[in-house]
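To start, the structure under review is shown below, and the notes come after it.
Fair warning: this is a prediction, and the values are worked out from it, not measured in the lab. Order of the sequence lines fixes the chain letters, A, B, ..., with proteins taken first and strands second; residue numbering starts at 1 for each chain.
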Amino acid sequence: MVVGVRCLATTPNPFNTLEHQRLRTGALCESLKQRFAELHARDYPDDGAAKALWLLADLLTLLQKRVQLIADEKTLIMAGEVVIELGETLEYFDNAGTDQTPRGLVVLLQSLYARLGWPSNLLAWPQSVYNFTIRPFVENLAVLFQYLGPDAEIDAVLKAYTGPRDLVSFPRIERDNVRMYAIFGHEIGHRIAGEFLKQEQADATFSGEEAAIRAKVIAAMGGSPSIIDAQKLIEKVFSLRKRALEELISDIVGVYLFGPSALYAGHEIHFDASMDRVPSLANNGYPPGRMRLRISLELCRAEGHLDALVEFVDDPKTGKAFAAGVSLVDHIDRLIGIRSDVQAITHDPFVSIAYDWVNVTLPSAQAFARNAMGAALYPTSAQRNECSKLVERLLDGLPPNEIGSALAPVQVDARSAVLAAWLISLDGAQSGPGDESYTLFRLNEKTLRGIEYIELQRCYLEKFPRTAP
Amino acid sequence: MSVLGRQRLIAAINSEDPSTRLVVTPLLNKNQVGEASIDIRLGNDFVVTRRGNLQAIDPATDDPRLVRYNSRHYANFGSKFFLHPNELVLGSTLEYVKLPPTLAGWVTSRSKWGRVGLVIATATAIQPGFGGTITLELLNLGEVPLVLYPGLLVAQIILSECEGAEPYNGAFAGQVDPGHGKISADKDMAFWTKP
């Protein structure tokens, strides 16, 4: 159009993109600070969210200062990207309030962290995606700001921060399903798997193992493969082995932390089409579900958790619930007796090399994981001493927070409460159609409240030890 | 029918028979069992009415949007909840209570709180067999705002024997949070409210 051409031609000065970006990035900073300030009005399970919001506001203030001094456009654009990325945390705080995040979940995770000797500050929120995750918060922030170059002020703010260090997300659809919280044992396991893989790299014998695998891959390729082709397949084998160990060690930690509840929760996740899925780079190297259930069940058996279930199947009051739990174990046992997952892996020579290597490593990884548990291990003795009594309490319509008279209660482990909820729900599912949805709703409510009580009682009694009634 | 004194209360709590056992959990301090009552604590959850959204509460209507008239608040242990004069807020007991079918109960303010104007229940009866947290109707009848902290011993339950009762199995059975009941749910409501 003539008018348009005339306007372009008559622009007196070139458009100042540097100042445009400065204004845009500054406005994004200010806008995000306002959104964070609004979120302070929400109710959160503890003061961790407020601390995290202050941290983000402080970082934005520093970034705003810096934006005024940046002299090149690319860095300004990068700063804008950092602000946008920080803006994604809004979702966490929007959903981390007590109206969306059960306090029972938060106290359960905090107690596990404390048992592991980890800082127990975390921020949990439900997300729409069906995925359970635990991600580091502060480390990720540090990485994000690294893109803008070194900054002593930002380093100091991050160092002084005392709020949540981990971000925990879970599927919103499972928000109140306390039984599925056992999956967090697996998520916690990822950190331990990472530690194992790190220490393995530092081991002098590991480079020898790697060299042997390289030779195996080249031999399996046959002929004289090009260096590029060989390297691709070697990397694939290494990557599949690493991913398998990450997931399998995490499953192992899940069982160490939650006992049979981890097996039951794993069955909910893996009973679908992923049972015999051949691991590949395209599916992010997830091991077949059947294999994962096999490892979890065998570990439950080795740790004595299955015997501790079977012992109660004849209990007059709670035996039916335990029988349902044992029945699911038997079902899983039949599933893992089918070796179709192993056969599928052996059909691919390179996946086979990776998994042969996994099988060699797994015993030492399991020993490493058990050692890392320390006081966090869910002992069979707790399952044996507490679970039946807690099932009984739930059947009597009570939260599973203690054993015995309320005047002289025996304290219990929250993981026993989760397992008790599993057993009752499994029994409900085996008892034919009924109003299970209502029952499960109340079961979840009572168990969540029971977990809150367990932690409250522990904290209160530490300060005010109970004297004889 | 007599009110249970301390020894009877302790015996009911210690009973191993579920049909006669009284449960108040967590009973953090044994001194909560008094001469003829059990002191109970304020929980963390509060339901506040958003008056701007509310035309009236009319039992003749069954509007699912009624939830918009409420806003839920959670107060952590150690944090404050402000109850202003003449304000009605729903709270709940920290403790989960379960009465055997042989006992009925009443909730009242502890006198030290009553003297500063705090009313904790307007519908005070607890039915035999009820299990759950007890919803408290918190009302400040005093002249100045009251600061409430979760965990404070604000109320007490008085229990008495009850003969021939059916265990309660109503809408509030098993509740763990405060909430409004459905006042339009009475079966003969239409008879009384429709011309």
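Interatomic distance, CG of A/L456 versus CZ of B/R41, reported as 8.5 Å (0.5 Å rounding). Note that OH of B/Y74 and CG of A/D46 are 8.0 Å apart. Values are rounded to the nearest 0.5 Å. Here CZ of B/R72 is found 10.0 Å from OG1 of A/T98. Values are rounded to the nearest 0.5 Å.
Between the side chain of A/Y453 and the backbone N or O of B/Y96, at least one donor-acceptor pair lies under 3.5 Å.
More than 12 heavy atoms of other shown residues, nucleotides or ligands fall within 6.0 angstrom of atom CG in B/N31. Residue A/K389 places its NZ atom among 12 or fewer non-hydrogen atoms of other residues, nucleotides or ligands, all under 6.0 Å distant. Sparse packing is recorded around CH2 of A/W54, with 12 or fewer heavy atoms of other residues, nucleotides or ligands lying under 6.0 Å away. The environment of CD1 in A/I173 is sparse: at most 12 heavy-atom neighbours from other residues, nucleotides or ligands sit within 6.0 Å. Residue B/E35 qualifies as open at atom CD: its count of foreign heavy atoms under 6.0 Å is 12 or below.
In this structure, chain A has no heavy atom under 4.5 Å from any part of B/L22. With a 4.5 Å cut-off on non-hydrogen atoms, B/Q32 does not touch chain A at all. Residue contact with chain A, scored on non-hydrogen atoms closer than 4.5 Å, is absent for B/S15. Only the side chain of A/Y460 comes within contact range of chain B, with at least one heavy atom under 4.5 Å from a heavy atom of that chain. For B/P26, the parts sitting under 4.5 Å from any heavy atom of chain A are the backbone and the side chain alike. Only the side chain of B/D45 comes within contact range of chain A, with at least one heavy atom under 4.5 Å from a heavy atom of that chain. Using a 4.5 Å cut-off between heavy atoms, A/R103 touches chain B through its side chain atoms alone.
When all heavy atoms of A/A406 and B/V24 are compared, the pair lying nearest together is CB-O, 3.3 Å. The two atoms that bring A/L461 and B/L28 nearest to each other are CD2-O, 4.3 Å, heavy atoms only. Considering all non-hydrogen atoms of both residues, B/N76 and A/D47 come closest at ND2-N, 4.4 Å.
Between chain B and the residues A/D99, A/N401, A/L448, the largest count of heavy-atom pairs under 4.5 Å involves A/N401. The choice from A/G404, A/P45, A/P409 that makes the most heavy-atom pairs within less than 4.5 Å of chain B is A/P45. With respect to chain B, the highest number of heavy-atom pairs below 4.5 Å among A/E392, A/Q457, A/R449 belongs to A/R449.
By the 4.5 Å heavy-atom criterion applied to side chains, B/N14 and A/L407 are counted as neighbours.
Classification of B/K98 and A/D396 as a salt-bridged pair fails, no side-chain N sitting under 4.0 Å from a carboxylate O.
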